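Reading through the structure tokens given below for one structure.
Just so it is clear, the model here is predicted, and its values are computed rather than measured. Below, chain A is the first sequence line, B the second, and so on; all start at residue 1. Note that these values count all heavy atoms, side chains included, but never hydrogens, waters or copies made by symmetry.
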Amino acid sequence: MTAPYALLAAALVGLGLHGVLAHAEPLRRLLAFNLLGSGVFLVFGVVARRGAAAGLEADPVPQAIVITGLVVAFAATTLAVALLLRLHGGDPPQD
Amino acid sequence: MTLALDLLLAGAILVVAAWTVAARDGFAACFGFVATGLLLALAWVRLGSVDVALTEAAIGAGIGGVLLLNAAARLRGQETVDPGDVARPWQARGIAALCTAVAVALAAVLLALPVPAPGLAPAAAAALPPTGLGNPVTATLMTWRALDTLLEAVVVLLAVIGVWSLAPDAAWGGRPGPQVPPAEGPLALLARVLPPIGLVIGLHIVWAGADGPGGKFQGGAILAAMWVLAWMAGLVRPPPVGSRRLVLALVAGPAVFLMVGLAGLALAGSFLALPAGFSKPVILAIEAPLTLSIATGLALLLLGPPARAA
Amino acid sequence: MSVLADGFTLLCVGAGLVFLLAGTVGLLRFPDAASRLHALTKADGLGLGLIVLGLLPQAAGLLGALKLMAIWGLVLLAGATVGPMIARHATGGSGR
Amino acid sequence: MAEALLAAAFLALATVAAGLVRVLRGPAPADRMMAAQLLGTGGIAALLLLAAGSGGWAILDAALALAVLAAFASVAFVQAASGRSR
């Protein structure tokens, strides 16, 4: 039942890690890092689904952790983007 | 049927993700990233985690995609690559081998997991009735993982401070983002029609989070997106970052949460503990200012550092 | 009654899928951006509309039905806004 | 009935997957924008059919959020891709 997503999670982690290590452009690394994060979150999703019990469709504790993780990942990404634009984005917009 | 559905979905996500990593230019890769996020939201629904699906759609693919795409558009052709950062052929082979090994090992571990896996679902279900909430995920976030939620709100605040600190000296205290002339045509129409609808839906999702999928972060992301849309059409101006009201809106949520947490220390015996029987009203009292702070914070993160003098 | 409702659902959902498919085929096969856009925006809105129509009898209560209608309305609004913007961009306009 | 709706969700998803080819191949940014638009609509259609097929009508809220944000995101994409970005 969860096997396709378990394999997908593993593949996303591998792909994301590859992008982070192999790319030279910072933005591409950032994208790859987010994919790596998606893979890790999906691991939690598979574990949550496997832990379905007590009439719940999935274990709520890993779900809550993933929600926290998604928000933190977004906050970190905005900070990284702001740094990137300050370093490489040329002049601050003047218009 | 469901297996075919799952295989198709997982396969499509894998292809798009691989393409995102392999694409030639960053701008195209961002489209791949957004497509991945959208499909991942469907995958979360299939995994029985509608709350996470909502978060992925709102924050991962939605405002996260917009953020990265804007960055890619601004960086186009301007990004300089340090030649020392480019992987040499032997390094590339090593990286590929390492990543394959990591993926294979992770897959083996995941497939070897026992079914049903040991989990906290029974404990969560048993602890649900005293909270007065219907959604176990929200109950988890607001009660026994409340520290995570508090720190998550603080992380958003810290990210805003971090982004603001990258402002050029001359612009410090000014308004974030460039000045936008009033839009005409379809954008002007959408920016007037969509925000009121989005406001209702965003607040609905915050409210529905007590008993079904939803919550303050997901609803707050929608509210933030609506405000940014109005800004894109030149209908509203962001306040200067030095504005006292803006700062108040940003810290209100975490501050109220922290005070309730300290009150729990006095009234219920431990930090962030909620007095029995009052959980639901207290949780709603925390969520209202928290939604305001999160929506404000996410909108400011999308706009970037102050760019114009006050 | 339920059989009638189910039949209606299947009919509408099937027709909606055909339109979605038509939009995709147009997107893949039409030669230039303008005709692809033409194929996409109309077929897409209609396809989703038929699916929504088909699901209405299955929806749980009035609120569910209202949400379904709202979703369709939002997609139409987005299509009506973004379509002309993409067209202006594709034909070398200012994009706004 | 549930089986038929899940099969319909599968078909909607297959349509989306086919449309992805346009996101990936382009060639022009306008093609990618259109494909992203199709992806949004098809994704919402698949979500609605999944909701109906599994009886989990709470999924509608996710579809509602997706619809609002898809409208916002597609506009933001066109703005960014048109070079009118900040």
Side-chain angles (χ1 to χ4, degrees), chain A residues 3-15 17-19 21-22 24-28 31-32 35 38 43 45-61 63-64 66-68 70-72 74-75 77-79 81-86 88-90 92-93 95, chain B residues 6-7 10 13-14 17-18 21 26 29 33 40 47-49 51-52 55 59-60 64 67 71 74-75 78-79 81 85-87 92 95 99 102-103 106-107 110-111 113 115-117 119-122 124-125 136-137 140-141 145 148 152 155-156 159 162-163 166 168 178 217 301 304-305 307:
Chain A
Y5 299 108
L7 294 175
L8 175 66
L12 280 181
V13 168
L15 267 173
L17 190 61
H18 185 269
L21 295 175
E25 302 93 331
L27 183 71
R28 303 300 300 277
L31 277 172
L35 282 182
S38 299
V43 170
V46 169
V47 171
R49 182 62 161 181
R50 297 259 173 105
L56 301 177
E57 272 198 75
D59 190 344
V61 178
Q63 289 186 58
V66 170
I67 291 174
T68 308
L70 275 165
V71 175
V72 172
F74 172 76
T77 307
T78 54
L79 193 55
V81 163
L83 270 169
L84 216 72
L85 289 176
R86 191 82 165 93
H88 300 289
D95 56 331
Chain B
D6 289 334
L7 283 175
I13 295 173
L14 185 59
V21 172
F33 181 75
L40 273 172
L47 286 170
S49 311
D51 283 279
V52 182
T55 318
I59 293 175
L67 173 84
R74 274 181 63 180
L75 284 171
Q78 296 204 37
E79 225 174 342
V81 171
D85 281 351
V86 181
I95 290 169
C99 296
V102 168
L106 188 56
L110 280 177
L111 291 179
L113 272 182
V115 180
L120 294 166
V137 178
T140 304
L141 282 170
R145 302 296 310 178
D148 284 1
E152 183 182 8
V155 163
V156 171
V163 168
L166 296 170
F217 287 97
L301 287 177

- Message: Quick one, B:L110 and A:V43 - any side-chain contact, counting heavy atoms below 4.5 Å?
- Response: yes
- Item | Heavy-atom pairs under 4.5 Å with chain A, option from B:P305, B:G304, B:C99 with the top count | B:C99
- Message: Just so I understand: if I count every heavy-atom pair under 4.5 Å between each of B:V156, B:L111, B:L106, B:L40 and chain A, which residue has the most?
- Response: B:L106
- Message: Please check: side-chain N/O of A:R50 versus main-chain N/O of A:A58, any donor-acceptor pairing under 3.5 Å?
- Response: no
- Item | Closest-packed option against chain B by number of heavy-atom pairs under 4.5 Å, given A:L12, A:V71, A:L21 | A:V71
- Options B:A18, B:A92, B:S49, B:G60, ranked by heavy-atom pairs under 4.5 Å with chain A, top entry: B:S49
- How many angstroms lie between atom OG1 of B:T55 and atom CD of A:Q63, to the nearest 0.5 angstrom? 9.5 Å
- Answer key: most heavy-atom pairs under 4.5 Å with chain A among B:A71, B:G48, B:G26, B:A159 is B:G48
- Honestly, the part of A:V61 sitting under 4.5 Å from a heavy atom of chain B is both
- Hey, which of B:I95, B:V155, B:V102 has the most heavy atom pairs under 4.5 Å with chain A? B:I95
- Please determine, among B:I59, B:L47, B:L67, B:V163, the option with the most heavy-atom pairs under 4.5 Å with chain A. B:L47
- Message: Please report the interatomic distance CG(B:L14) to CG(A:L15), rounded to the nearest 0.5 Å.
- Response: 6.0 Å
- Task: Give the intermediate values and the outcome of side-chain contact (heavy atoms from CB on, under 4.5 Å) for residues B:F217 and A:L70.
- Result: CA-CA 10 Å; B:F217 287 97; A:L70 275 165; over 6 Å; no
- Measure the CG-CZ distance between A:L84 and B:R74 for me, rounded to the nearest 0.5 Å. 10.5 Å
- Query: B:L301 and A:F74: which non-hydrogen atoms are nearest, and at how many Å?
  - Reply: CD1-CE2, 4.0 Å
- Task: Quick one: which of A:L79, A:I67, A:L17 has the most heavy-atom pairs under 4.5 Å with chain B, could you say?
- Result: A:I67
- From the list A:A32, A:A3, A:P4, the residue making the most non-hydrogen contacts under 4.5 Å with chain B is A:P4
